[in-house]
Amino acid sequence: MSIILGIETSCDECSASILLHEKEVLKPLSISTFSQIELHQPFGGVVPEVASRNHLEQIEPVIWDALAQAKMEIDDVDAIAVTNRPGLIGALLVGVTAAKSIAYAKHKPLIPVHHLEGHLMSAFLTSPKTGTPKIEFPAIFLMVSGGHTNLHYIEEAPAFWKPTMLKDSLIGHSIDDAAGEAFDKTAKILGFPYPGGKWIDEQAQKGDRNAFELPRGLKQRDSYDFSFSGLKTAVLLLAKRLEMEGSLAQALPDVCASLQEAILDPLLRKATLLCKEKKAKSIVVVGGVAANSRLRQRLMEESPVPVLYPDLQYCTDNAAMIAAAGAIRFSQGHGLMSQDFLKLNAFAIAES
Ligand code: KG4
Ligand code: ZN
């Protein structure tokens, strides 16, 4: 059994969590998150300097709050896990520096965590409503967040994951915008506040999905990669045309329904195709876009296997998924002690 403190500051959520790891159970005892969404909203997207300055203000309060909620002291923690890549470099450095300081002062092991491994791990967190998830392997993981769109083929449970698993299991990814970014950028063009995914989802429910023909990136059958930048340009041109004709406001639900389908089509087609090709036993959807109602409806109709979603609180950026990834690494003997972790750095990119 181990108790892990997780810290996540890679983008616009400042989050800390206390997690209990016992056999296959990864149970968050607390999650404290300060979301910066309202701070970035006036700019229509995340401003890196605003993000890192706010993380500096929030990092201590969220850590103390996570400990208090779990009714624990820092001495009760066995190891500290922190996101050190990829993300906004100034934002990551706040979390990494806080984690190093606590680990050094309290003589605790430190575990650097890749943010995307955290998103994969979110599927294994114990839910207060449904308990510990039972995922059948092999499984296809569709990771659809604001910053990343990946397809992974996962053969076994986290306890057996190698340090290279993220790279080894990756089958496809977006070569430009992420799916969430496609929602957010097209929503911005259409005049919705940041982040726009939920507004498109809401409007689309009243619209005609076939009203406008919009491009599907990388249609080729032999590629599991995605591309959404062409769609963004097509929506921009369409919005300009409708605006000139004076019909944009009236056509908004149809535009949203059509563009949502253009984002979902390649995601669902490639995820189900890979599932059949690999004879996978389940599909797992992680990341903020997993909240999309049409994605859930379509997967219910189109998936050949059961589809699993983590609780929504685990889908968006949070420190429990980072603590979980750290807990697995810690149980495999990967914690760094001070002579090693003092050299630990943060990296903006996924790999170096
Ligand atoms: O996982 P997340 O916090 O992002 C990153 O880790 O990068 O997810 C946020 C993303 C945003 O792009 C947001 O617009 C999108 O998830 N999102 C949605 C919905 N709810 C949130 N996209 C489509 N439909 C939704 N209902
Ligand atoms: Zn994320």
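Note that the numbering runs from 1 along the sequence shown for the chain. Here the structure is a predicted model, which is why all the values come from computation and not from measurement.
Phe141 and Leu267 end up in different hydrophobic clusters when Ile, Leu, Val, Met, Phe, Trp and Tyr side chains are linked at under 4.5 Å. No continuous path of hydrophobic side-chain contacts links Leu344 to Met337 [ILVMFWY only; heavy atoms under 4.5 Å]. No continuous path of ILVMFWY side-chain contacts below 4.5 Å connects Ile189 to Met244, so the two sit in separate hydrophobic clusters. Linking Ile, Leu, Val, Met, Phe, Trp and Tyr residues whenever their side-chain heavy atoms come within less than 4.5 Å leaves Ile328 and Val25 in two separate clusters. Leu299 and Val305 fall within a single hydrophobic cluster, where Ile, Leu, Val, Met, Phe, Trp and Tyr are joined by side-chain heavy atoms under 4.5 Å apart, directly or via other members.
The closest donor-acceptor contact from the side chain of Ser303 to the backbone of Met300 lies at 3.5 Å or more, if one exists at all. Remark: the backbone N or O of Val82 is not paired with any side-chain donor or acceptor of Asn84 at under 3.5 angstrom. Between the side chain of Gln332 and the main chain of Ala159, a donor-acceptor pair closer than 3.5 Å is present. A donor-acceptor contact shorter than 3.5 Å is absent between the side chain of Ser15 and the backbone of Asn318. Side-chain N or O atoms of Glu155 include none that pairs as donor or acceptor with a backbone N or O of Pro138 at under 3.5 Å. Of the possible polar contacts, none joining the Thr83 side chain to the Arg85 backbone as a donor-acceptor pair under 3.5 Å is found. Although no hydrogens or angles enter the test, the distance criterion places no donor-acceptor pair under 3.5 Å between the side chain of Lys278 and the main chain of Ile140. A donor-acceptor pair is defined here as one N or O able to donate and one able to accept, closer than 3.5 Å; such a pair exists between the side chain of Ser258 and the backbone of Phe212. Judged by distance alone, the side chain of Gln36 and the main-chain N or O of Ala51 form a donor-acceptor pair under 3.5 Å.
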task: Go through Gln58 and Val94 one step at a time and tell me if the side-chain contact (heavy atoms from CB on, under 4.5 Å) criterion holds.
output: CA-CA 10 Å; Gln58 297 300 334; Val94 175; over 6 Å; no

- request: Would you check, one step at a time, whether the test side-chain hydrogen bond (donor to acceptor under 3.5 Å, both in side chains) holds for Asp201 with Ser293?
  value: CA-CA 7 Å; Asp201 187 352; Ser293 61; 2.6 Å; yes

task: Starting from the C-alpha separation in whole Å, work towards a yes-or-no answer on side-chain hydrogen bond (donor to acceptor under 3.5 Å, both in side chains) for Ser32 and Asp65.
output: CA-CA 6 Å; Ser32 179; Asp65 186 41; 2.7 Å; yes

- request: Check step by step if side-chain contact (heavy atoms from CB on, under 4.5 Å) holds for Glu117 and Arg329.
  value: CA-CA 11 Å; Glu117 196 169 313; Arg329 289 283 169 106; 2.8 Å; yes

- prompt: Please walk me through it: do Asp225 and Ser227 pass side-chain contact (heavy atoms from CB on, under 4.5 Å)?
  reply: CA-CA 7 Å; Asp225 287 341; Ser227 166; over 6 Å; no

- request: I would like to know whether Ile3 and Leu29 meet side-chain contact (heavy atoms from CB on, under 4.5 Å); could you show each step before the answer?
  value: CA-CA 9 Å; Ile3 299 286; Leu29 302 178; 4.1 Å; yes

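The 12-atom threshold is not exceeded at CD of Glu60, counting heavy atoms of other residues, nucleotides or ligands nearer than 6.0 Å. Within 6.0 Å of atom CZ in Phe160, 12 or fewer heavy atoms from other residues, nucleotides or ligands are found, so the atom counts as exposed in its surroundings. Within a 6.0 Å radius of CD in Gln250, no more than 12 heavy atoms belonging to other residues, nucleotides or ligands are found. Atom NZ of Lys232 is surrounded by more than 12 heavy atoms from other residues, nucleotides or ligands within 6.0 Å. No more than 12 heavy atoms of other residues, nucleotides or ligands sit less than 6.0 Å from atom CD of Glu38. Heavy atoms from other residues, nucleotides or ligands lying under 6.0 Å from CD of Glu24 number 12 at most.
No side-chain heavy atom of Trp199 sits less than 4.5 Å from a side-chain heavy atom of Leu190. Looking at heavy atoms from C-beta onward, Phe228 lies in side-chain contact with Ser174 at the 4.5 angstrom threshold. Between Cys256 and Phe192 the shortest side-chain heavy-atom distance falls below 4.5 Å. Between Arg216 and Leu214 there is a side-chain heavy-atom pair separated by less than 4.5 Å. Side-chain contact between Gln260 and Phe183 is present, with heavy atoms from C-beta onward closer than 4.5 Å. His114 places a side-chain heavy atom less than 4.5 Å from the side chain of Pro86. Counting heavy atoms from C-beta on, the side chains of Arg269 and Glu302 never come closer than 4.5 Å. A 4.5 Å side-chain heavy-atom check between Thr316 and Thr33 finds every atom pair outside the cut-off.
Distance CD1/Ile154 to CD1/Ile171: 9.0 Å, rounded to 0.5 Å. Here Ile63 contributes atom CD1 and Ser17 contributes atom OG; the two are 11.5 Å apart, rounded to the nearest 0.5 Å. Atom CG of Leu268 sits about 12.0 Å away from atom SG of Cys275, to the nearest 0.5 Å. We find the CG-CG distance between Leu142 and Leu151 to be 5.5 Å, quoted to the nearest 0.5 Å. Distance CE/Met321 to CG/Leu116: 8.5 Å, rounded to 0.5 Å. Note that the CD1 atom of Ile89 and the OG atom of Ser52 stand 10.0 Å from one another [nearest 0.5 Å].
The two residues Cys14 and Val62 make their nearest non-hydrogen contact at O-CG1, 3.6 Å. Nearest heavy atoms, Ile37 versus Pro195: CG2-CD, 3.7 Å. For the residue pair Asp265 and Arg298, the shortest heavy atom distance occurs at OD1-NH1, 2.6 Å. Listed here is the closest heavy atom pair of Leu92 and Gly87: CD1-N, 3.6 Å. Minimum interatomic distance between Ala290 and Val144 (heavy atoms only, all atoms of both residues): N-CG2, 4.1 Å. The minimum heavy-atom distance between Ser2 and Asp78, with the atom names listed, is CA-OD2, 3.2 Å.
Using a 4.0 Å cut-off between charged side-chain N and carboxylate O, Arg294 and Glu261 make a salt bridge. Electrostatic pairing of Arg53 and Glu57 does not count as a salt bridge here, judged by no charged N lying under 4.0 Å from a carboxylate O.
Every residue meeting the salt bridge (charged side-chain N to carboxylate O under 4.0 Å, His left out) condition with Lys185, not counting sequence neighbours, appears here in chain and number order: Asp177, Glu181.
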Enumerate, atom names and distances included, each donor-acceptor pair closer than 3.5 Å involving a side-chain atom of residues 120-128, sequence neighbours excluded.
unit_1 : atom_1 : unit_2 : atom_2 : d
Ser122 : OG     : His119 : O      : 2.6
Thr126 : OG1    : Leu26  : O      : 3.4
Thr126 : OG1    : Thr132 : OG1    : 3.0
Ser127 : OG     : Lys129 : N      : 3.0
Ser127 : OG     : Thr130 : N      : 2.9
Ser127 : OG     : Thr130 : OG1    : 3.1
Ser127 : OG     : Asp311 : OD1    : 3.2
Ser127 : OG     : Asp311 : OD2    : 2.9

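Partner Phe226 forms a side-chain contact (heavy atoms from CB on, under 4.5 Å) with one of Thr149, Ile175, Asn150 and no other, that one being Thr149.
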